[in-house]
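Worksheet for the structure shown next.
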Amino acid sequence: MALASSSSSSPWFPLLRTATFSGDLYLGKLTHAHIIVSGVLPDVFLSNNLITLYSRCNSLLDARSVFDQMPHRDSVSFNSLLSAYALHNHFLPALHLLRLMLRCSPSLPTSLSLAPVLKLCSLSSDFLPSSLSIHSLAVRSGLESDFIVSSSFINVYSKNGLVVDARRVFDVMPFRDVVLWNVMIKGYVQMGLHKDAFLMFSELHRSESLQPDDLSVQCVLEGGEPNSFVEQVRSFGLKKCLLSDGIDVISWNKKMSENSKAGELMAVIDCFVSMRRLDVGCDNVTFVVAISAVAGFEGVDVGRQIHGLVLKHGFWKDISVSNSLINMYAKTGFWDSAKKVFEEMEELDLISWNSMISSSVQNGFTEESVVFFLDMLRHGVVPDQFTMASILQACSVTSRVATLHEMLHCYALKMDLVKDDFVLAALIDVYSKKGSMKEAELLLREMDWFDIVSFNALIAGYVSNNDNIEALELFSSMQRNGEKANNFTLATIFKACSDLVAFEEGRQIHAHSVKLGLDSDLCVSSGMLDMYIKCGNIDDASSVFSEIYEPDDVAWTTMISGFVENGQEECAIKLFHQMRRLGPPADEFILASLAKACSCLAALEQGRQIHANAIKLDHALDTFVGTSMMDMYAKCGNIDDSYRLFKSMSVKSIASWNVMVLGFAQHGNGQQALDLFRQMIVHGIRPDKITFIAVLSACSHSGFVSEAYKYFNSMQTDYGIKPEIEHYSCFVDALGRAGLVSEADKVIETMPFNASASMYRALLGACRIQGNMDIGKKVATKILELEPFDPSAFVLLSNIYAAANQWDKVKDARKRMKGSNVMKDPGYSWIELKNKMHLFTVDDKSHPETAAIYNELEDLIRRIKDEGYVPDTEFVLLDVEEEEKEKALNYHSEKLAIAYGLISTPAPQRIRVIKNLRVCGDCHNAIKFISKVTAREIVLRDANRFHCFKDGVCSCGDFW
């Protein structure tokens with residue numbers, strides 16, 4: 001690839017310079033595109049000029065993209081981007097960039113590096129600590145005495161009321177121009193130190209080399225009440241022609257325009273205010289420049305005041321002023337005000353119509369933009385390429401006139417506008433979004449030049465139409481033809497890989513993005529992050545995330561939800577705490593993902609903290625967040641808080657009702673679940689398929705067989721919902737738990753689906769409880785056909801034999817299991833105390849407090865035996881003596897966890913324990929007695945449901 005000339009002799013430099021000085025973004029992007037297409041690799045000189053171009057044209061993302069792609073950067077590269085941030089009042093990015101500059105090379109910063117950041121520090125007193133740090137840096141770097149740096153410090157300190165510090169810097173400067181004198185005078189005036197301001201003015205007047213100018217006079221006059229000092233300054237101003245008698249509106253307009261071109265938007269407004277105070281007349285140019293400045297920094301309150309002056313002085317009749325007002329209101333998000341200005345205009349030109357159409361599209365009023373366009377045609381105004389690009393963009397999201405985009409296409413062909421890059425890209429985009437991919441492809445094929453925007457539009461169309469393979473093929477053809485992708489191309493193609501779960505292709509595109517130097521682009525890295533997460537490669541996703549310099553809320557959300565989706569909930573919570581320190585505030589999606597993480601971990605205390613954060617961030621009233629918090633409380637064993645939150649919700653979605661019904665079901669409160677379902681129907685909420693899964697689960701967990709039949713049949717007859725395999729699973733489970741094993745088996749045989757392994761497992765569990773070996777063997781065989789390495793089939797079948805004392809068959813089942821290299825999932829339980837998880841296995845002695853735990857458990861066994869507890873040795877499925885069986889029961893993992901909870905928490909605090917497998921019958925019986933003798937409420941969540949033990953009774957009614 002060729003290397004661009006490193007001087008102004010480059011053929012592209014004159015075009016870039018013209019685009020920069022004229023603010024012509026279209027010309028600048030066209031030149032940039034030609035540089036890329038020509039195969040020329042921009043060197044540092046051209047890249048720096050591109051950064052300056054994009055910053056001057058208000059395209060800061062493009063400026064940063066150019067910077068990020070530069071393989072080598074000098075101080076000018078950093079300074080150009082710092083100036084761009086200062087131009088657009090972006091404080092934090094500028095500060096981060098300065099830090100990056102210092103990390104790259106502490107010797108890089110110059111006075112032109114510090115000045116832009118100091119300018120930003122002057123915008124708010126909140127940034128004062130940063131300016132003090134930069135002052136220290138300037139001292140260490142030997143830049144403190146630099147005129148530009150010292151001037152910047154004086155400006156920062158005086159604007160923040162630290163006029164004494166400003167004066168200290170001012171007094172040691174070897175040279176001071178009149179601007180600095182004026183800054184000091186204005187600083188004294190703003191602090192109410194009018195006498196000091198006058199003395200400063202007098203000192204400037206006595207200076208041999210400098211004299212006060214018009215701003216010096218204005219600063220004193222604006223701040224002081226009439227007195228001898230003020231009158232002396234006024235007389236001086238009149239004598240020297242420094243007041244309104246000696247300055248005309250053209251001079252002021254020129255000054256305002258210069259400030260506007262330099263990006264000093266607040267200085268434009270300051271000039272305008274000074275004109276008003278000095279009673280200088282305004283013309284249409286004055287208002288156009290001032291209103292454009294307001295649009296630049298989105299100060300709508302100032303804009304409304306200027307609008308009032310426009311009306312007062314009759315300039316609303318001037319078409320350029322009214323067009324500027326439309327633009328200002330549109331950019332600040334006040335579309336209604338823009339529309340009102342438009343409607344009150346006596347004369348309209350093409351710019352007026354284009355402004356109104358584009359502002360309607362930008363603010364989401366696409367239907368209205370079409371109305372404006374049709375009105376424009378009725379008024380006989382001929383659209384140009386800007387009109388076409390805007391209205392085509394509207395067509396892509398509206399169906400007001402279904403074929404409008406096709407009519408516009410015909411018009412563009414007639415007026416020879418199809419060759420315009422933006423119009424062509426808009427046509428490809430609208431055809432793609434309408435699903436007309438053949439037409440979009442035809443447009444692209446007819447192009448006799450490469451346009452990245454058009455290619456991107458077609459690739460995005462393929463992805464949005466779920467034709468991801470075609471998207472990858474088009475991307476590949478680009479590479480084969482030597483065309484260079486940009487950040488949007490890569491972000492879109494990563495989406496295609498995500499949807500296809502195409503890990504290998506995604507890795508190759510990752511490597512390609514590194515080669516292009518685009519891997520650090522935020523859009524690209526976010527797409528890459530999502531791709532790795534969707535492909536289940538969380539390690540690579542973490543690596544990509546760690547390389548993102550400043551993750552935005554999308555990147556944080558993607559990474560946190562990715563951890564949750566891939567079963568790494570603890571990592572998600574750790575990352576959230578990191579986000580709280582470094583990143584943006586959590587949004588609704590992050591809070592919902594974190595609530596899910598806490599649900600999976602059954603981490604109630606951490607869940608409470610997430611809920612507190614939701615309240616603090618004013619997201620608690622969001623239905624999505626509220627429902628997630630309800631689900632978290634229910635799955636962490638606190639059904640009371642879940643229901644309390646449900647009742648407090650002013651707006652309940654169908655998901656909210658479903659979560660609550662299912663929560664009651666899992667906690668064994670089957671009657672409450674069904675009552676809530678009936679209440680839901682009374683409220684006019686139509687149930688969906690998820691609702692019936694919850695209702696059938698309630699029937700299953702509470703032994704409501706007749707209700708299970710009733711609701712299973714009513715799904716289709718009353719609500720038109722065809723039962724799916726999940727509904728059949730719940731129904732089969734309800735029959736099996738009720739001992740109706742044959743009926744459950746019959747349902748499986750006659751249902752219109754192939755039974756899943758989980759359905760067979762539920763039936764096999766019922767066979768174990770009922771001791772039905774015949775059906776049990778048949779079901780176990782079915783499970784092993786579906787999942788040959790599933791240990792539960794071997795274990796449950798072995799347990800059926802053991803319960804019937806058929807030990808030879810137990811050994812045979814376990815031998816088959818060992819021969820198939822199938823390992824039984826180990827049982828374990830855990831308890832959360834003070835945000836820390838304590839995990840136990842059977843006979844576990846690894847805990848630091850093992851001695852105390854075992855002493856407590858042995859004491860508990862003695863106490864509950866005195867209350868009538870008798871160990872149920874049938875649950876020890878080993879061929880050993882009764883005494884050995886009894887000992888084996890005593891140290892199950894859930895009992896150890898409960899014992900630790902009792903010695904670690906004060907009464908009457910509720911104890912919550914989670915077990916990865918189903919609780920055995922003996923432990924269930926023992927925990928009932930423990931809750932009675934200790935007067936403590938114990939919540940146990942096993943693999944199937946919740947058990948809430950209180951006063952010797954379990955919420956499941958001994959039916960699980």
Side-chain angles (χ1 to χ4, degrees), residues 33 36-37 61 65 69 389 392-393 395-397 405 409 418 421-537 540-541 544 554-555 558 562 565:
I36 296 170
V37 172
L61 286 175
S65 178
Q69 293 174 48
L392 283 168
Q393 185 182 348
C395 290
S396 66
V397 292
H405 63 289
H409 187 183
V418 175
D421 289 352
F422 293 107
V423 173
L424 185 56
L427 279 168
I428 293 173
D429 182 61
V430 70
Y431 277 119
S432 300
K433 287 180 177 175
K434 295 286 185 180
S436 304
M437 295 307 298
K438 296 297 181 185
E439 288 80 357
E441 291 168 5
L442 183 62
L443 281 168
L444 192 70
R445 281 201 300 269
E446 289 180 350
M447 291 175 61
D448 54 5
W449 73 98
F450 174 75
D451 176 54
I452 187 64
V453 177
S454 301
F455 269 78
N456 286 346
L458 189 58
I459 290 173
Y462 283 132
V463 174
S464 62
N465 285 283
N466 295 318
D467 199 350
N468 298 295
I469 293 175
E470 282 295 332
L472 284 170
E473 179 55 38
L474 181 58
F475 177 75
S476 298
S477 72
M478 281 178 57
Q479 307 315 304
R480 288 193 298 269
N481 294 330
E483 308 296 357
K484 189 176 178 182
N486 65 8
N487 55 346
F488 185 85
T489 322
L490 293 170
T492 309
I493 209 67
F494 274 126
K495 175 70 168 59
C497 294
S498 298
D499 293 343
L500 291 170
V501 195
F503 177 65
E504 286 305 320
E505 289 84 351
R507 282 180 67 91
Q508 291 173 29
I509 296 167
H510 182 175
H512 186 65
S513 66
V514 172
K515 182 179 177 182
L516 293 175
L518 291 172
D519 57 309
S520 60
D521 180 89
L522 189 55
C523 293
V524 175
S525 52
S526 295
M528 198 185 302
L529 187 65
D530 182 64
M531 179 274 296
Y532 280 124
I533 287 170
K534 293 286 174 58
C535 292
N537 195 315
D540 281 345
V544 169
V554 175
T558 303
E565 289 169 14

Check whether any side-chain heavy atom of [X] lies under 4.5 Å from a side-chain heavy atom of [Y], and answer yes or no.
| X | Y | value |
| --- | --- | --- |
| Leu472 | Ile509 | yes |
| Leu444 | Phe455 | yes |
| Asn465 | Met437 | yes |
| Tyr462 | Glu473 | no |
| Arg507 | Asp540 | yes |
| Leu392 | Ser396 | no |

Kindly indicate, with the supporting measurements, whether the criterion side chain to side chain contact (heavy atoms under 4.5 Å, CB included) is fulfilled by Glu505 and Phe475. CA-CA 11 Å; Glu505 289 84 351; Phe475 177 75; over 6 Å; no

Gln69 and Ser65: side-chain donor and acceptor closer than 3.5 Å? yes

When you check the side-chain N and O atoms of Thr489 and Asn486, is any donor under 3.5 Å from an acceptor? yes

When rounded to the nearest 0.5 angstrom, what is the spacing between [atom1] in [X] and [atom2] in [Y]?
| X | Y | atom1 | atom2 | value |
| --- | --- | --- | --- | --- |
| Ile459 | Glu470 | CD1 | CD | 11.5 Å |
| Lys495 | Leu500 | NZ | CG | 9.5 Å |
| Asn468 | Asp499 | CG | CG | 4.5 Å |
| Cys497 | Leu490 | SG | CG | 10.0 Å |
| Asp530 | Ser526 | CG | OG | 9.0 Å |
| Ile452 | Asn487 | CD1 | CG | 9.5 Å |

If we ignore hydrogens and angles and just use 3.5 Å, is the side chain of Lys434 paired with the main-chain N or O of Cys395 as donor and acceptor? yes

Would you say the side-chain atoms of Asn481 pair up with the backbone N or O of Glu483, donor to acceptor, closer than 3.5 Å? no

Compare every heavy atom of [Y] with every heavy atom of [X], then report the nearest pair and how far apart it is.
| X | Y | answer |
| --- | --- | --- |
| Val463 | Ala496 | CG2-CB, 3.9 Å |
| Ala541 | Leu529 | O-CD1, 3.1 Å |
| Ala440 | Ser432 | CB-OG, 3.7 Å |
| Ala485 | Leu518 | O-CD1, 3.8 Å |
| Ile493 | Ala471 | CD1-O, 3.4 Å |
| Val524 | Asp519 | CG1-CA, 4.4 Å |

Quick one: do Phe422 and Val453 satisfy side chain to side chain contact (heavy atoms under 4.5 Å, CB included)? Show the steps, please. CA-CA 8 Å; Phe422 293 107; Val453 177; 5.7 Å; no

Report the C-alpha distance between Val554 and Thr558 in whole Å, list the side-chain angles of each, state the deciding distance to 0.1 Å, and finish with yes or no for side chain to side chain contact (heavy atoms under 4.5 Å, CB included). CA-CA 6 Å; Val554 175; Thr558 303; 4.0 Å; yes

Non-neighbouring partners of Tyr431 that pass ring pair (Phe, Tyr, Trp, His ring centres under 6.0 Å), sequence neighbours left out: His405, His409

Enclosure of Leu61 CG (heavy-atom neighbours >12, cutoff 6.0 Å): no

